[in-house]
Novice: 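Dropping a structure here in structure tokens format, bear with me for questions.
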Amino acid sequence: MRRRVLGLGAVLITILGAAGCGSSDPGSGGSSASGGGGTTTVKVGIIPIVDVAPLYLGQREGFFSSRGIKLEMVSAQGGAAIIPGVVSGQFQFGFSNTTSLMVAQVKGVPVTSVANGAATNGKVGADVTGVAVRKDSTVKSAKDLAGHTVAVNTLQNIGDTTVRESVRRAGGDPAGVKFVEIPFDQMPAALDGGRVDAAWMGEPAQTIAKAQGARIVASPFAETDPKLTVATYFTSTRLTEQKPDLVKRFTEAVTESLRYASAHPDEARQILTTYTRISGDILKNLTLPSWPPRVDMASLEKLASLGEKDGLFGGKKPDLDSLFP
């Protein structure tokens with residue numbers, strides 16, 4: 001990400017405005033029959049990170065084309081920017097972390113998950129995200145984060161919620177942690193330069209920071225739940241009603257792609273070079289997430305409970321059964 005990810009709250013007015021003013025047909029702006037073979041071009045809003053590698057593998061392996069779908073991946077700054085694009089019809093599908101989708105739902109945004117996206121690998125100390133500190137830091141565990149400043153890429157979202165849970169589980173006071181918002185790609189420099197005491201990083205920022213001597217003191221995803229569903233692919237409820245066959249074919253193709261990526265981690269790692277600038281030692285050393293074919297509802301219930309505790313949902317409760325059917 002080249003600049004700060006837009007906060008979900010800042011774009012909700014835009015989302016609801018688009019939904020309430022009669023957005024374009026869910027098939028416009030990218031989903032159209034190509035003629036001849038009846039192939040449908042589908043735009044998917046994605047974040048160019050390791051988590052979406054299965055989508056590119058599935059495209060290469062023909063899992064989408066065999067179902068009459070031509071994928072067009074469109075990069076965005078984050079899930080908060082993708083959600084309004086999906087609701088307005090700019091994208092037919094999108095990729096977002098599960099907390100952002102829960103926040104959107106309780107705000108009345110008409111979205112629904114259609115396929116799993118990524119999950120923690122469950123390895124404490126070696127997960128796809130981790131809280132890093134400088135080598136000489138006095139912070140030795142998540143408990144010690146109380147009283148310190150921790151960087152997250154987006155405030156009031158899955159990052160600070162799961163970091164608080166790590167602190168809580170380690171016996172510390174989560175209320176004592178001060179969070180600041182810094183884009184992932186700027187975190188290694190911010191940590192190394194002393195702008196923050198710790199940083200919750202995804203990949204490849206985590207691997208870059210470790211190469212600079214940083215230590216991982218917490219694995220918030222794995223510590224929250226070893227099967228935590230981190231992100232999913234989603235669409236608008238309007239598209240599920242108007243084009244259920246397209247949604248079904250997309251879901252089947254993504255699920256096959258997730259299985260393939262899980263069975264071929266080296267190919268998943270290598271395909272990153274086609275849509276990111278990750279290469280060399282960083283590519284070789286970065287940590288991969290898990291790509292199970294289905295969401296883990298028990299982990300999402302836990303995540304929703306933590307979000308409620310943190311006040312993310314304004315006193316409301318996400319309807320997980322309708323959001324993650």
Novice: Are I158 and S100 close enough that some pair of their side-chain heavy atoms sits under 4.5 Å apart?
Specialist: no
Novice: Test of understanding: clusters of I, L, V, M, F, W, Y form through side-chain heavy atoms closer than 4.5 Å, transitively. Do V180 and V133 belong to the same one?
Specialist: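 As far as the 4.5 Å side-chain criterion goes, V133 and V180 are connected within one cluster.
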Novice: Any side-chain to backbone donor/acceptor pair from D192 onto A189? Under 3.5 Å, distance only.
Specialist: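 Between the backbone of A189 and the side chain of D192 there is no qualifying donor-acceptor contact (under 3.5 Å).
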Novice: Could you tell me whether D245 and K248 have a side-chain N and a carboxylate O separated by less than 4.0 Å?
Specialist: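 No salt bridge links D245 with K248.
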Novice: Can you confirm whether the side chains of T161 and Q156 place a donor and an acceptor under 3.5 Å from each other?
Specialist: no
Novice: Using atom types as modelled and distance alone, determine if a side-chain donor or acceptor of E223 lies under 3.5 Å from a backbone N or O of S219.
Specialist: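 Yes, because the side chain of E223 sits within donor-acceptor range (under 3.5 Å) of the backbone of S219.
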Novice: Anything under 30° is parallel, anything over 60° is perpendicular, the rest tilted; go ahead and classify F63 against Y260.
Specialist: perpendicular
Novice: Could you give all pairs that pass the salt bridge (Lys or Arg N to Asp or Glu O under 4.0 Å) test and reach residues 287-316, with sequence neighbours left out?
Specialist: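 Of all non-adjacent pairs touching residues 287-316, those that pass salt bridge (Lys or Arg N to Asp or Glu O under 4.0 Å) are R164-D310, D225-K302.
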Novice: Could you tell me if the side chain of Q90 sits less than 4.5 Å from the side chain of K43, heavy atoms only?
Specialist: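 Not touching, per the 4.5 Å side-chain cut-off.
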Novice: Which residues satisfy the salt bridge (charged side-chain N to carboxylate O under 4.0 Å, His left out) test with R169, sequence neighbours excluded?
Specialist: E165
Novice: Without swapping roles, check the side chain of R269 against the backbone of L286 for a donor-acceptor pair under 3.5 Å.
Specialist: yes
Novice: Under 6.0 Å between the ring centres of F93 and F234?
Specialist: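 For F93 and F234, the ring centres are not under 6.0 Å apart.
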Novice: Counting N and O atoms only, with roles assigned by atom type, does the side chain of Q59 sit under 3.5 Å from a partner on the main chain of E72, one being a donor and the other an acceptor?
Specialist: no
Novice: Could you check whether any side-chain heavy atom of D319 comes within less than 4.5 Å of a side-chain heavy atom of D321, counting everything from C-beta outward?
Specialist: yes
Novice: Count I, L, V, M, F, W, Y as connected when their side-chain heavy atoms are under 4.5 Å apart, and connections chain through other members. Are V124 and V217 then in the same cluster?
Specialist: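 No, it is not one cluster - the side chains of V124 and V217 are not joined through contacts under 4.5 Å.
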Novice: With sequence neighbours excluded, what pairs up with K140 under the salt bridge (charged side-chain N to carboxylate O under 4.0 Å, His left out) test?
Specialist: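 Not a single residue meets the salt bridge (charged side-chain N to carboxylate O under 4.0 Å, His left out) criterion with K140.
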Novice: Give the cluster check for L306 versus L312: same hydrophobic cluster or not, with ILVMFWY residues linked at side-chain heavy-atom distances below 4.5 Å.
Specialist: no
Novice: Is any side-chain heavy atom of K317 closer than 4.5 Å to a side-chain heavy atom of V106?
Specialist: no
Novice: Would you call E256 and R67 a salt bridge, taking side-chain N to carboxylate O under 4.0 Å as the test?
Specialist: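 Here E256 pairs with R67 in a salt bridge, since their nearest N and O are under 4.0 Å apart.
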Novice: Could you state the interatomic distance from CE (M102) to CG (L320), rounded to the nearest 0.5 Å?
Specialist: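 Answer for the CE-CG pair, M102 versus L320, is 5.0 Å.
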Novice: Side-chain contact test, heavy atoms from C-beta onward, threshold under 4.5 Å: evaluate it for Q206 versus I216 and give yes or no.
Specialist: yes
